[in-house]
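The structure appears below as structure tokens.
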Amino acid sequence: MSTGDDPILAPLNAGQRAAVLHGDGPALVVAGAGSGKTRVLSHRIAYLLAHLNISPFGLLAITFTNKAAGEMRERIGSLVGPVAQRMWISTFHSACARILRSHADVLGYPATFSIYDQADSRRLTRYVVRDLDLDPKRYNERAVHAAISTMKNQLRTPTHAAELADSPDGGGPFNRDVARVYSEYQKRMRRAGAMDFDDLLMLGVELLTTHGDVAEHYRQRFSHILVDEYQDTNLAQVRLIGLLSGPAQNVFVVGDSDQSIYAFRGADISNILEFGATFDRASTYVLEQNYRSSQAILDTANSVIRNNLGRPPKNLWTDQSGGAKPIRYRGTNEEDEARYVCSELRRLHGEGRIDWSDAAIFYRSNAQSRVIEEELVANDVPYQIIGGTRFYDRREIKDALAFLRAAVNPSDEVSLKRVVNLPARGIGDRTIAKLDDVAARGDTSIAEVIDGLESLGVRGTARGGLLQFRELMGRARAQIPNGPAAVLEVALAESGYVQALQDEGTVEADGRLEHLEELAGAAADFEDCDEFLEQVSLVSDVDAMTDASQVSLMTLHSAKGLEFDIVLVTGMEDGVFPHHRSMTDPIELEEERRLAYVGITRARKQLYLTHAWSRLLHGQTSYNPPSRFIEEIPPELIDDRSPDTGRYGSSWRPATSDWGANRGAGVRSDSGTGPASEYSQLDEAELAASPQQRADPARHDDSTSKGRESRREEARRRVAARLGEPKPAPKADLGYGVGDDVLHARFGAGVVQEVRPDGDDWEVTVHFADIGTKTLVASFADLRRLRSSGPAQTH
DNA sequence: GAGCACTGGAGCAAA
DNA sequence: TCCAGTGCTC
């Protein structure tokens, strides 16, 4: 076939083209990071439409986020024109929601079923635990709901779960109780006409398994199924693909086992590794040329990921040789790290080398974003946060949506309970409990109990409140034909919710009112309430991302599938990343490593890996060694810009090699701290300073001007005001305290973790670079303080 | 009995 | 930070 000027085939390399031209039957495209897998997917679709004349209605394309779906639709549109608008391109969850809306009745759900997010699901879990008289401490909703979620992802029904829990090796009473909660939870979900995220998949499978006619309908319809990010599918999703694909098995999947990072929500990496076993006669195409990153970045990525065992060999290469080495920086603490990140961004921007939108800052968990945010605010760097507390997680937004859901689906227990006393109208816990009780006995919903209120022994304020609420919801419901904006308007205005916020008159309340207006604006774009609710329930974090000129902040998980010129991965410390909960399990640790690989491979031109000597997280200061993932990168691949490089190594080990060789002698003179022998000298001036001053990291920075200094100080102050001033480390009478670097004659350098009084003496716990943590008696140990935690002093 | 203010505990990633 | 639980007041 001549491909010379075909816009669909011409831009592809040989490997990509082979995949796009794949014939019938299942195909797996193993696509390394940056190898153009989205391109293959969209060109494959364009090829099916334009060259093979497949109907756009015959295609089902699954992407990982709605944003990715929109982008793919656009790309296909540019290749084949407006037919792209009519294709099913969506996430698994959206596709299932759509199918289930049409057939919910056969499963005993209303077509207007509510979709519960995690918070709603946990709330219901809590109700169930309480109602089953289980100890809410032992059976905390978080853990119990996570267990239920896992079972659902493995397509385990409540009956199945109960049988398993009863079997001899079923895990004892705890699992039996969890199985009970699961069963009751599922009953309540059905009674509430609600599905959680896992239900969308599990009930989708159930629908297609138990109703052959429905399955046949979709099999007839979809001649081709295409799936992106296949390495992150779970059992339910693979089953869905199997059920939706007819005997032809035209299943075309794309993925990279090295980027599988969602095991915690049921994703199973073996789905991609054993694709051939699930779908016979599968063809495999391998894409190894990376078009995104420089050689320096790829080398870094490869040096990390090769530490994972049992991965299929892969040889990612690029013809963009060279490139800037990844930069490593170790901050004094998390604020110093944030300052560095911010100052680098300002420098690059100031030199005209980047637009703000070219850069992204990644972190392992959302809690890490705040410090960085403060610093960006203080320095007028525009940014957007992806994820974290999403717009739709805000209280007032959840309240408003609960009003809407309760109007659309009166059975919805969680939503109704949320708004029944909003704003306060005298309906307290006792009244709710009474309604609950009546509902449970009659196996009906609370809404129906309220409908029959007159026959109940509820009187006084509660009775009045319930009558008022019933009337309110009646009026709201009457607006459903007029669309979600109308329902929200009536519910929020006539309930007095808006009035209550206005009366409050605080800045915070004003903010909430603004959010509600924003929500009303979004709702006005929809005519159908269900459609609107589904939309807002299934938006992903990255869906909200804009391409405005802003630096993007997000978790490493959210970063999957994105790319930036400049990527800064922060918090590269053992215990933070890899997360401490993952460090003891080799399987989980490998997943963390894949997450590191994902982060690194997002960068096109310049990668930064930063970490901090000490970190205040969750109200606790910890001293984490540099991430093992950093240590896995050969030193010669990295440009270490840590202020005290060469002191005793990049980590807690004494420097054994001249790994700063690429920067030559500049390493030391840059830091401006003099030769190594001085490091062990006690700094009298510093000892004399107050703990407060000593704890002040701003002083440690030796490269800043006065102006920036004061801005930093300002930012630091505000952070401190919000967190409560960090407690200065107790100095005992030892000349060193928690957080200080100390030297032991035999054990070498270490960091003091804890100091406890021990009679007349002190017991000191020290983490040593070479031998790990030891607890010593101070008078025998003869520890000598090296310096305070942090780079050298400037005065 | 309902509603408020305060305290204490826990905290990973997300459709 | 957020959340739930608790004690106090009306």
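Naming: A, B, ... by sequence-line order, numbering from 1 per chain.
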Give the rounded distance in Å between these two atoms: [atom1] of [X] and [atom2] of [N].
| X | N | atom1 | atom2 | value |
| --- | --- | --- | --- | --- |
| A/Arg395 | C/dT1 | CZ | C1' | 14 Å |
| A/Ile427 | B/dC4 | CD1 | C1' | 18 Å |
| A/Asp120 | C/dC3 | CG | P | 13 Å |
| A/Arg394 | C/dC2 | CZ | P | 10 Å |

Can you tell me the base-pairing partner of [N]? Count Watson-Crick or G-U wobble geometry only, both distances below 3.5 Å, and say none if there is no partner.
| N | value |
| --- | --- |
| C/dC10 | B/dG1 |
| B/dC6 | C/dG5 |
| B/dA13 | none |

Inspect the contact between [Y] and [X] and indicate whether a charged nitrogen and a carboxylate oxygen are less than 4.0 angstrom apart.
| X | Y | value |
| --- | --- | --- |
| A/Glu141 | A/Arg126 | yes |
| A/Asp232 | A/Arg265 | no |
| A/Arg311 | A/Glu590 | no |

Only distances under 3.5 Å count here; give the side-chain donor-acceptor pairs of residues 412-420 of chain A to other protein atoms, sequence neighbours excluded, each with its distance to 0.1 Å.
from, atom 1, to, atom 2, distance (Å)
A/Asp412, OD1, A/Tyr116, OH, 2.4
A/Asp412, OD1, A/Val414, N, 3.3
A/Asp412, OD1, A/Ser415, N, 3.0
A/Asp412, OD1, A/Ser415, OG, 3.2
A/Asp412, OD2, A/Ser114, OG, 2.6
A/Asp412, OD2, A/Ser415, OG, 2.9
A/Glu413, OE1, A/Arg188, NE, 3.0
A/Glu413, OE2, A/Arg188, NH2, 2.9
A/Glu413, OE2, A/Lys417, NZ, 2.8
A/Ser415, OG, A/Arg405, NE, 3.0
A/Ser415, OG, A/Arg405, NH2, 3.2
A/Lys417, NZ, A/Asp436, OD1, 3.2
A/Lys417, NZ, A/Asp436, OD2, 2.8
A/Arg418, NE, A/Asp399, OD1, 2.7
A/Arg418, NH2, A/Asp399, OD1, 3.1

Between A/Phe64 and A/Tyr230, is the ring-ring contact (aromatic ring centres under 6.0 Å, His included) condition met? List the steps. CA-CA 9 Å; A/Phe64 203 69; A/Tyr230 191 77; over 10 Å; no

Once each nucleotide of nucleotides 8-15 of chain B is scored for protein heavy atoms under 4.0 Å, what B/S/- sequence comes out, 5' to 3'? ---BBBBB

For residues 570-597 of chain A, which residue pairs qualify under ring-ring contact (aromatic ring centres under 6.0 Å, His included), counting only residues two or more places apart or in two chains? A/Phe577-A/Phe629

